[in-house]
Amino acid sequence: MTTSSSLTAPRYSRILGTGSYLPEQRLTNAELAAQLARDGVETSDEWIVERTGIRARHFAAPDQTSSDLALPAARAALEAAGVAAEEIDLIIVATSTPDMVFPSTACLLQQKLGIAGCAAFDVQAVCSGFVYGLTVADAMIKSGAASKALVIGAETFSRILDFKDRTTCVLFGDGAGAVVLGASETPGILASQLHADGRHVDILCTPGTVSGGQVLGHPLLKMDGQAVFKLAVGVLEKVARAVLEKASKTDADIDWLIPHQANIRIMQGTAKKLKLPLEKLVVTVDQHGNTSAASIPLALDAAVRSGQIKKGETVMLEGVGGGFTWGAVLLDL
Ligand code: ACO
């Protein structure tokens, strides 16, 4: 029976468990460079490491889709949370590389999990997708619209890379990361903030589309790296400070910073601006490359499972990507 005190008690959301999955094929920079050289595309381990910090990435098998990567990540998060798939009442998948035009990757994942009935939809905010999805799930849980949500970032970016363009194809990888977010009487998610600025659509895009049974336009990723770099560094500091203020915290309260894993120079620049020692920066970009919406939950799960991040610690998640989109979530684990 619902009592009047439970009706008025504040309702928060908290991460109950994390999970992730990386496809089997792992390519070091040297291996990728050797493959590209066969098509006359020149690059080197030295250039990639120096400019980006990336040393290796994983690529999905030809028959593996984003929902295939999302499934083991979701199962691992459910197991860590001690939650059965049947208890989930909301699935949000953040992806820019969905299995199909429709239905959503979230619906395909729901089917693969063997459950039915709960709300399931995709969020498209490119590399900010996971912080967007987490913020939406938090709001739905706080409002009472959901109680236990699976929030997943899953990407097969290898499918939209132009392997003739060395300025982009060395940067990205495939993978999936997941969290189970549940209703809680004590706050897990402390504050969040999301932004977008569509004036910068052109600096990072995959402008192709399916129309009349044909692929129209350019269906591969295009990026103005330097423009993205400049915008990313500026917005990441600003949004982190805004979220700290919302939560009545300061940068000294951050135990761990998990920025979108795009480029070590952007990540270290953000940590420095927030006056955080680099030891507080969670880094997986070296091993995963940029996995877009999957990069933050992949890094979070790696840090939780290795014992780097412990229960009760305060974590700042920060996304930035195409759109242009950006956002941050501050949470107590
Ligand atoms: N291997 C070897 N040489 C290369 C490669 C490569 N893979 N790519 C570019 N070069 C060459 C260029 O041709 C250029 O040669 P030139 O001087 O003879 O013309 C030289 O390297 C320098 O190129 P720049 O583009 O100026 O290199 P820059 O230092 O800007 O680094 C990079 C490029 C790594 C993309 C950088 O701009 C960057 O990190 N931008 C941020 C973008 C990012 O991380 N995007 C990820 C997606 S967005 C997101 O997730 C937020």
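As a basis for the values below, the full set of heavy atoms in this structure was taken, side chains included, without hydrogen atoms, waters or symmetry mates. First listed ligand is number 1; within each ligand, the first listed atom is number 1. We're numbering straight along the sequence, starting at 1.
- Remark: ligand 1 atoms within the under-4.0 Å shell around heavy atoms of Phe172 are 46 (C), 47 (C).
- Side chain of Thr270 to backbone of Ile266: a donor-acceptor contact under 3.5 angstrom is found.
- The option with the heavy atom closest to atom 45 (N) of ligand 1, from among Arg166, Arg51, Met223, is Met223.
- When only non-hydrogen protein atoms are considered, atom 39 (O) of ligand 1 lies nearest to Asn263 ND2, 2.4 Å.
- Scanning the protein heavy atoms around atom 46 (C) of ligand 1, the nearest turns out to be Asn290 ND2, 3.3 Å.
- The shortest contact between atom 51 (C) of ligand 1 and any protein heavy atom is with Val320 O, 3.2 Å.
- For ligand 1, the atoms lying closer than 4.0 Å to a non-hydrogen atom of Cys127 are 49 (C), 50 (O).
- Counting protein heavy atoms only, atom 26 (O) of ligand 1 is closest to Gln226 NE2, 2.7 Å.
- In this structure, Asp332 does not pair ionically with Arg14, as no charged nitrogen and carboxylate oxygen lie closer than 4.0 Å.
- A parallel orientation is assigned to the rings of His195 and Trp326, their planes being inclined by less than 30° (bins at 30° and 60°).
- Contact annotation for atom 41 (C) of ligand 1: protein present (non-hydrogen atoms, distance under 4.0 Å).
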Criterion salt bridge (Lys or Arg N to Asp or Glu O under 4.0 Å) on Asp202 and Lys222, from CA distance to verdict: CA-CA 8 Å; Asp202 291 343; Lys222 289 174 23 167; over 6 Å; no

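- A donor-acceptor pair under 3.5 Å is formed between the side chain of Asp89 and the backbone N or O of Lys148.
- There is a protein heavy atom less than 4.0 angstrom from atom 24 (P) of ligand 1.
- Note: an N/O pair closer than 3.5 Å links Gly225 and ligand 1 by distance alone.
- Contacts of Leu204 with ligand 1, taken as heavy-atom pairs under 4.0 Å, involve the side chain alone.
- Protein heavy atom at the shortest distance from atom 50 (O) of ligand 1 is His260 NE2, 2.7 Å.
- Look at Arg241 and Glu245 and you find no salt bridge, because none of the NZ, NE, NH1 or NH2 atoms lies under 4.0 Å from a carboxylate O.
- Of the protein's non-hydrogen atoms, Arg265 NH2, 3.9 Å is the one closest to atom 36 (C) of ligand 1.
- One hydrophobic cluster, built from ILVMFWY side chains closer than 4.5 Å, holds both Ile254 and Val320.
- Heavy-atom contacts from other residues, nucleotides or ligands closer than 6.0 Å to CZ of Arg55 number 12 or fewer.
- Compare Leu32, Thr43, Thr52 by their heavy atoms: the one nearest to atom 1 (N) of ligand 1 is in Thr43.
- The nearest protein heavy atom to atom 16 (P) of ligand 1 is not closer than 4.0 Å.
- Closest heavy-atom contact between Asp138 and Ser13: OD1-OG, 2.7 Å.
- Residue-ligand proximity, Thr167 to ligand 1, at heavy-atom distances under 4.0 Å covers atoms 8 (N), 9 (C).
- The shortest contact between atom 10 (N) of ligand 1 and any protein heavy atom is with Trp47 CZ2, 3.4 Å.
- Atoms of ligand 1 lying under 4.0 Å from any heavy atom of Val170, numbered from 1 in the order shown and given with element: 7 (N).
- By the 6.0 Å contact criterion, CD on Glu79 is open, its count of non-hydrogen atoms from other residues, nucleotides or ligands being 12 or less.
- Ionic pairing of Lys164 and Asp162 is not present here: no N-O contact between side-chain nitrogen and carboxylate oxygen is shorter than 4.0 angstrom.
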